[in-house]
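Along the sequence shown, residues carry numbers from 1. Because the structure is predicted, anything quoted here is derived from the model rather than measured.
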Amino acid sequence: MPKLEVSDLIARPARCPFDPSSAVVALLDEDEFGRVDLPLQPGAHVVTRYEDVRAVLSDTRLSSAPGGLRRKPGELADELNQLRLPMLSDDDPEHATLRRAVAREFSIKRVAAMRPMIERVVEEALDDLEAAGPGADFIAHVALPIPSLVISELLGVPYADRKTFQERSRILLDLTVSQEARGAAMAEMFQYLGGLVHGRRAQPDADDILSRTLRDHGDTFTDAEVTGLGVLLLIAGHETTANTMGLGTVLLLQHPEDLAAVRDDPAVTDRAVEELLRYAAVVQMPFTRHALEDVEINGHHIAKGDDVTCSLTTANRDPRLLPDGDAFDIHRDQPAHVTFGYGIHQCLGQQLARMELRVVYPALLRRFPGLTIAAPVEELPFTTATQTYGLTALPVTW
């Protein structure tokens with residue numbers, strides 16, 4: 001079984017920053033599982049095929065509960081173990097109970113009703129970009145503020161706190177930052193949202209997710225569980241969408257023949273968003289799974305006690321799924337992908353992410369018809385050392 005380094009999982013080739021590393025592509029081509037020493041899970045299996053990834057993510061014998069921060073030994077771990085992210089680190093039935101309680105907040109109908117709010121947030125961000133230029137950073141003025149403002153409105157987080165949340169989220173997901181710094185950022189985020197939850201518990205009459213959850217399920221969930229839910233939604237709804245927004249802008253500007261269609265035809269926009277979600281999957285590795293018993297996946301043996309991680313990037317390009325999966329083609333019809341995961345932990349906010357992307361691209365291209373990237377793509381600051389792939393800056397001009 002090939003042995004990989006963590007860098008093999010997250011590195012991108014310089015010739016094309018959207019392609020997965022050659023090491024994981026080799027596993028995909030050879031139909032092999034690899035092994036990698038993750039910081040908290042030494043010797044974890046690495047799975048790359050589309051069907052194998054779906055099998056791993058949907059197999060209830062592979063648990064989410066033992067992974068992540070709860071396995072870190074030491075004094076800090078004891079503190080962090082109290083700051084749990086519900087749903088992400090729970091199996092059923094605990095996972096299902098909380099997911100059912102908030103699922104309606106992210107239904108297609110509910111998200112459609114959010115569109116006017118999202119359009120307002122997008123237009124305000126584009127106003128900010130326009131005022132800063134011509135020539136400005138798309139990430140700072142558009143990609144980071146939009147998802148942060150949207151999720152902050154949903155949670156009832158004051159607008160003035162968004163920059164603090166962005167910085168804490170960046171630290172939490174940056175693999176180059178020390179465990180202590182990431183733990184401190186996590187603790188600060190829990191402390192702040194815990195204060196909001198405490199206030200909503202006393203007066204749950206506001207029109208936000210925290211208040212509605214407490215009004216409808218306040219007897220079922222503790223403040224700590226609702227706080228953990230808020231932190232999870234903030235992290236998941238901010239970093240991944242911001243990174244997708246930045247990478248998608250680069251991809252569209254690299255394909256100028258597609259821009260008019262994305263700008264003017266909502267049907268093409270929907271297909272383009274789905275294709276960039278597939279092609280530029282930003283979550284490099286989902287949270288690891290832990291085998292509760294011996295499991296066989298596609299003839300590969302996973303022993304009880306083993307950990308398993310997946311490469312979503314290679315799964316989305318599996319030639320058994322798409323013969324031309326390495327090509328970016330916005331005219332595909334609803335390509336299958338696992339960008340939002342699979343199984344019981346599939347991303348709850350995926351419809352919200354899709355809506356934000358469907359709104360921002362036509363609005364961006366209408367407002368700035370001459371938009372171009374103000375630097376060679378190979379010189380852009382891609383964030384390869386983070387759990388989510390993206391850009392720290394994207395200079396654009398018009």
Side-chain angles (χ1 to χ4, degrees), residues 102 105-107 110-133 136-173 185 188-190 192-193 195-197 199-200 206-213 227 229-249 269 273 277 282 347-368 388 390-394 396:
V102 296
E105 301 283 352
F106 299 95
S107 66
R110 194 84 168 204
V111 169
M114 298 178 196
R115 182 161 191 139
M117 179 270 286
I118 294 171
E119 289 175 337
R120 172 176 55 79
V121 168
V122 166
E123 290 300 327
E124 289 174 355
L126 296 182
D127 288 346
D128 188 51
L129 178 69
E130 189 170 20
D137 179 7
F138 178 83
I139 301 298
H141 293 281
V142 179
L144 283 176
I146 289 174
S148 179
L149 283 172
V150 168
I151 199 66
S152 293
E153 289 213 18
L154 297 181
L155 291 173
V157 174
Y159 179 87
D161 292 339
R162 71 186 190 281
K163 288 186 178 179
T164 303
F165 277 102
Q166 288 169 3
E167 177 60 15
R168 287 169 180 162
S169 179
R170 184 194 67 77
I171 294 172
L172 282 171
L173 297 168
E188 291 169 1
M189 195 172 284
F190 267 86
Y192 179 79
L193 276 178
L196 284 185
V197 169
R200 299 295 195 278
D207 186 22
D208 57 58
I209 288 178
L210 299 180
S211 296
R212 287 191 289 271
T213 301
T227 300
L229 171 67
V231 174
L232 175 61
L233 295 178
L234 188 62
I235 294 173
H238 169 219
E239 194 80 6
T240 53
T241 305
N243 284 341
T244 304
M245 210 170 281
L247 295 180
T249 299
T269 302
V273 165
L277 286 167
V282 298
C347 177
L348 187 62
Q350 59 182 284
Q351 299 303 334
L352 178 60
R354 286 186 170 102
M355 178 62 78
E356 292 178 46
L357 297 170
R358 288 168 181 170
V359 169
V360 73
Y361 292 124
L364 173 70
L365 298 174
R366 284 195 295 268
R367 178 79 74 95
F368 304 98
T388 55
L391 287 157
T392 57
L394 174 56
V396 294

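- Between T241 atom OG1 and R354 atom CZ the span is 11.0 Å, to the nearest 0.5 Å.
- The minimum heavy-atom distance between D137 and T392, with the atom names listed, is OD2-O, 4.2 Å.
- A242 and A143 make their closest contact through CB-O, 3.2 Å (heavy atoms, listed as atom of the first residue, atom of the second, distance).
- Taking the side chain as every heavy atom from C-beta outward, L193 and V157 approach each other to under 4.5 Å.
- Once rounded to the nearest 0.5 Å, the distance linking CG of L196 with OG1 of T227 reads 8.5 Å.
- The side-chain heavy atoms of V102 and L229, taken from C-beta on, include a pair separated by under 4.5 Å.
- Taking CE of M114 as the start and CD of Q351 as the end, the distance is 11.0 Å to the nearest 0.5 Å.
- For the pair L233 and I151, the tightest heavy-atom approach, listed with the atom from each and the gap, is O-CG1, 3.6 Å.
- A heavy-atom distance below 4.5 Å is found between the side chains of L364 and F138.
- Using a 4.5 Å heavy-atom cutoff, the side chains of V359 and I146 are not in contact.
- Scanning both residues, M355 and I118, for their nearest heavy atoms gives CG-CD1, 3.5 Å.
- Under the side-chain contact (heavy atoms from CB on, under 4.5 Å) criterion, E130 pairs with R367, F368, not counting sequence neighbours.
- The nearest pair of heavy atoms linking A140 to P145 is O-CG, 3.2 Å.
- The salt bridge (charged side-chain N to carboxylate O under 4.0 Å, His left out) pairs that include a residue from residues 141-159 are R120-E153, where partners are two or more places apart or lie in different chains.
- For the side chain to side chain donor-acceptor pair (under 3.5 Å) test, residues two or more places apart in sequence or in another chain that qualify with R212 are E105, D207.
- For the pair L352 and L154, the minimum side-chain heavy-atom distance is below 4.5 Å.
- Looking only at side-chain heavy atoms (C-beta outward), H238 and L144 come within less than 4.5 Å of each other.
- Considering only residues two or more places apart in sequence or on other chains, S211 meets the side chain to side chain donor-acceptor pair (under 3.5 Å) condition with R200, D208.
- Residues meeting the side-chain contact (heavy atoms from CB on, under 4.5 Å) test with A132, sequence neighbours left out: A136, H141.
- When the side chain to side chain donor-acceptor pair (under 3.5 Å) test is applied to E124, no partner is found at least two apart in sequence or on another chain.
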* To do: Evaluate the side-chain contact (heavy atoms from CB on, under 4.5 Å) criterion for residues E356 and V121: first the C-alpha distance (whole Å), next the side-chain angles of each, then the deciding distance (0.1 Å), finally the verdict.
  => CA-CA 10 Å; E356 292 178 46; V121 168; over 6 Å; no
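- For the pair G230 and L155, the tightest heavy-atom approach, listed with the atom from each and the gap, is O-CD1, 3.7 Å.
- A donor-acceptor pair under 3.5 Å is formed between the side chain of T213 and the backbone N or O of I209.
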